[in-house]
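What follows is a short report on a single structure.
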Amino acid sequence: MNQFKKTERLCSIVDIDKLFSEGKAVNRFPFKIIYKNPSHNLGNAVQVLISVPKRKFKKAVHRNLLKRRIREAYRLYKFNLQEVPGKRNLHIAIVYIDSEIRSFNDIREDLKLILQKLNLRLRQA
RNA sequence: GUAAAUCGUUCUAUCGCUCCAAGCAAUUGGGGAGGAAAGUCCGGACACCACAGAGCAUCGUAGCGGGUAAUGCCCGUCCACCGUGAGGUGAGGACAAGUGCAACAGAAAGAAUGUACAGUUUUAUUGACAGAUAGUGCCACAGAAAGGGAAACUACCUCGAAGCAACGUGUUGUUUUGAGGAAAAGGUGAAAAGGUGUGGUAAAAGCGCACCAGUAUCAAAAGAGAUUUUGGUAGCUUGGUAAACCUUAUGGGGUGCAAGGCCAUGUAAACCGAGGCUUGAGGGCUGCUCGCCUGAUCUCGGAGGGUAGGCUGCAUAGAUAAAUGAUAGAUUAAAACAGAAUCCGGCUUAUUAAGGUUUACAAAA
């Protein structure tokens with residue numbers, strides 16, 4: 001089932017600080033993904049954080065809309081990451097770096113491509 | 001038809017999210033953004049600081065009556081202004097570093113205020129409704145003069161002196177000059193200092209008087225009151241700006257849920273040096289002074305150690321990285337402005353393709 005429970009989300013402030021200060025980045029417009037293997041064992045899980053910068057979207061309605069679209073797209077395509085054997089302890093942050101509001105279909109396709117790119121990077125590592 | 005106000009969004013299927021309840025579990029059932037949730041501009045509740053004290057400073061408010069927990073909100077009303085009238089208006093600073101975009105308005109032009117400058121607003125009309133008669137400041141340009149009971153440019157009025165002319169020989173006219181004046185005329189400006197008549201005077205003038213206008217005040221009547229009406233008295237008249245300072249009246253103690261409470265983890269209230277110590281340091285989140293409480297667990301420097309968050313507050317939506325979504329279909333379409341974080345009451349600002357409703361106006365019948 002394509003569920004997206006709270007255990008799959010990154011909530012700890014300490015972990016978020018570490019992710020942004022120590023993590024590596026993958027870019028593919030309109031997204032940027034920051035990823036890092038956490039110090040402690042998550043029990044073969046991926047924890048994700050979705051961010052839309054306030055600087056680019058001043059209205060809360062627009063930020064909410066984009067975060068919901070990205071979250072829905074991630075729910076549908078997260079299997080791309082779960083195929084990686086032995087790399088399933090992972091913290092990632094998905095940052096939306098465009099300044100336009102894209103449709104759900106565009107976001108879905110772009111997120112699919114960047115997740116595949118991240119998967120490839122992890123296999124090579 | 002035009003304008004304004006108002007109405008603020010249905011259902012089905014599949015896959016998800018969050019909270020609650022039931023269950024060992026799988027799962028099942030139920031709740032799940034707005035009229036503005038926004039701006040954070042007022043008023044409260046609630047919490048802590050002394051169950052909150054005094055004075056000053058500072059800030060808000062400004063006709064009257066009522067509503068309300070309360071308000072700067074709402075309703076009614078008084079006065080002013082606009083309109084033949086029914087009636088209407090009281091907006092803008094809840095703009096104030098800059099830039100961009102959009103909309104609206106506009107023929108031009110607009111003093112004092114504010115501001116670094118600019119801009120905005122309004123214009124059929126116009127009180128940011130206490131005071132301009134407590135005091136201070138300011139009033140560009142134009143104009144003689146802009147608030148000093150001021151001022152005289154052109155033209156003018158009156159008187160004195162000198163010269164000239166005329167004749168009726170002490171008058172008239174005229175020129176120059178000195179003094180007084182501001183009534184009538186011109187011109188400037190947003191605004192030129194009560195109006196008319198009469199007395200008065202050399203000529204004038206609220207200089208005196210009568211009437212009118214206006215201001216203050218007293219009395220009577222009406223009204224809950226602001227206030228109104230009538231009559232008397234007074235000085236005879238006092239420009240604007242309080243959105244300059246200020247004065248009067250009145251209100252506000254401060255801080256805001258990151259308030260505050262509880263549990264838990266680590267720990268160093270340790271060490272070294274200097275100072276302070278009940279004759280009171282420091283602290284108690286308030287601009288100052290006082291007062292009150294606490295009472296060495298203080299201050300500065302050096303070297304150095306260590307951590308993990310959760311519950312509550314908190315809601316018949318409700319978390320703590322923070323839910324309310326995606327796809328497909330039906331209705332023309334599911335859209336405008338826009339997303340709850342302690343909770344209420346207001347205000348302000350933003351806003352809809354079509355349509356409904358209400359009001360106003362116009363036209364037609």
Side-chain angles (χ1 to χ4, degrees):
Chain A
M1 296 296 283
N2 286 331
Q3 292 189 327
F4 187 48
K5 295 284 189 189
K6 192 150 184 176
T7 52
E8 298 180 44
R9 294 187 209 160
L10 183 55
C11 298
S12 164
I13 294 175
V14 175
D15 287 341
I16 291 168
D17 287 343
K18 283 183 182 172
L19 173 61
F20 278 97
S21 60
E22 302 171 9
K24 299 174 183 176
V26 177
N27 273 301
R28 191 182 187 290
F29 194 78
F31 292 109
K32 175 181 185 181
I33 287 183
I34 299 166
Y35 65 98
K36 178 181 178 300
N37 287 22
S39 50
H40 51 285
N41 194 347
L42 298 177
N44 283 353
V46 178
Q47 286 190 333
V48 66
L49 169 149
I50 294 166
S51 171
V52 177
K54 196 172 190 176
R55 187 181 297 174
K56 300 204 174 184
F57 298 93
K58 293 192 188 289
K59 307 217 176 204
V61 169
H62 297 152
R63 292 197 299 274
N64 277 348
L65 179 67
L66 284 167
K67 281 158 81 174
R68 283 164 183 164
R69 282 178 176 169
I70 294 166
R71 192 190 305 140
E72 180 69 10
Y74 177 80
R75 185 175 73 84
L76 296 172
Y77 286 97
K78 63 181 179 180
F79 61 83
N80 276 313
L81 290 180
Q82 288 167 343
E83 288 176 348
V84 184
K87 296 286 183 185
R88 292 173 64 179
N89 276 330
L90 195 64
H91 280 165
I92 67 173
I94 302 173
V95 182
Y96 187 81
I97 53 177
D98 199 359
S99 55
E100 306 260 317
I101 297 172
R102 301 196 168 212
S103 71
F104 176 73
N105 284 336
D106 289 350
I107 287 173
R108 191 180 58 192
E109 293 306 312
D110 288 329
L111 188 73
K112 182 179 170 187
L113 289 172
I114 194 170
L115 286 175
Q116 286 171 351
K117 187 175 175 182
L118 175 62
N119 192 357
L120 195 66
R121 184 78 64 86
L122 290 172
R123 281 172 185 279
Q124 289 168 350

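What's counted below: heavy atoms across the whole structure, side chains too, no hydrogens, waters or symmetry copies. Throughout, a chain's letter reflects where its sequence line sits, starting with A, and its residues are numbered from 1.
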Looking only at atom [atom1], what distance separates [N] and [M], rounded to whole Å?
N: A192(B); M: G147(B); atom1: P; result: 15 Å
N: U215(B); M: A364(B); atom1: P; result: 49 Å
N: A36(B); M: U10(B); atom1: C1'; result: 23 Å
N: G148(B); M: A203(B); atom1: P; result: 33 Å
N: G231(B); M: U247(B); atom1: C1'; result: 35 Å
N: A259(B); M: C48(B); atom1: C1'; result: 7 Å
N: A274(B); M: U320(B); atom1: C1'; result: 47 Å
N: A341(B); M: A33(B); atom1: P; result: 15 Å

According to the Watson-Crick and G-U wobble definitions, with both distances under 3.5 Å, which nucleotide is paired to [N]?
N: G160(B); result: U177(B)
N: G83(B); result: none
N: C64(B); result: G76(B)
N: G253(B); result: C49(B)
N: U196(B); result: A210(B)
N: G325(B); result: C15(B)
N: G318(B); result: none
N: A91(B); result: none

To the nearest Å, how far apart are [X] [atom1] and [N] [atom2]?
X: L65(A); N: U324(B); atom1: CG; atom2: P; value: 11 Å
X: N64(A); N: A38(B); atom1: CG; atom2: C1'; value: 14 Å
X: R108(A); N: U327(B); atom1: CZ; atom2: P; value: 8 Å
X: K67(A); N: A326(B); atom1: NZ; atom2: P; value: 15 Å
X: L66(A); N: A338(B); atom1: CG; atom2: C1'; value: 15 Å

- Anti or syn - G106(B), cut at 90° from 0: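 Base orientation: anti.
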- Since syn is defined as within 90° of 0, does A33(B) count as syn or as anti?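 Chi for A33(B) falls in the syn range.
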- Considering only A33(B), U324(B), A326(B), which nucleotide approaches the side chain of R71(A) most closely?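 Nearest nucleotide to the side chain: U324(B).
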- Query: With respect to the side chain of E72(A), which nucleotide from A323(B), G325(B), A33(B) is positioned closest?
  - Reply: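 Closest nucleotide among those given: G325(B).
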- Message: Applying side-chain contact (heavy atoms from CB on, under 4.5 Å) to L118(A) and F31(A), what does each step give before you reach the verdict?
- Response: CA-CA 12 Å; L118(A) 175 62; F31(A) 292 109; over 6 Å; no
- Message: For a quick test of reading the model: is some side-chain N or O of R68(A) closer than 4.0 Å to OP1 or OP2 of C17(B)?
- Response: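 Indeed not, no polar side-chain atom of R68(A) lies that close.
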- Task: Hey, could you give me the CG/CD1 distance between L111(A) and I33(A), rounded to the nearest 0.5 Å?
- Result: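 One gets 6.0 Å once the value is rounded to the nearest 0.5 Å.
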- Task: Report the residues that fulfil side chain to side chain contact (heavy atoms under 4.5 Å, CB included) with L65(A), sequence neighbours left out, ordered by chain and then residue number.
- Result: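 Residues passing side chain to side chain contact (heavy atoms under 4.5 Å, CB included) with L65(A): R69(A), I101(A).
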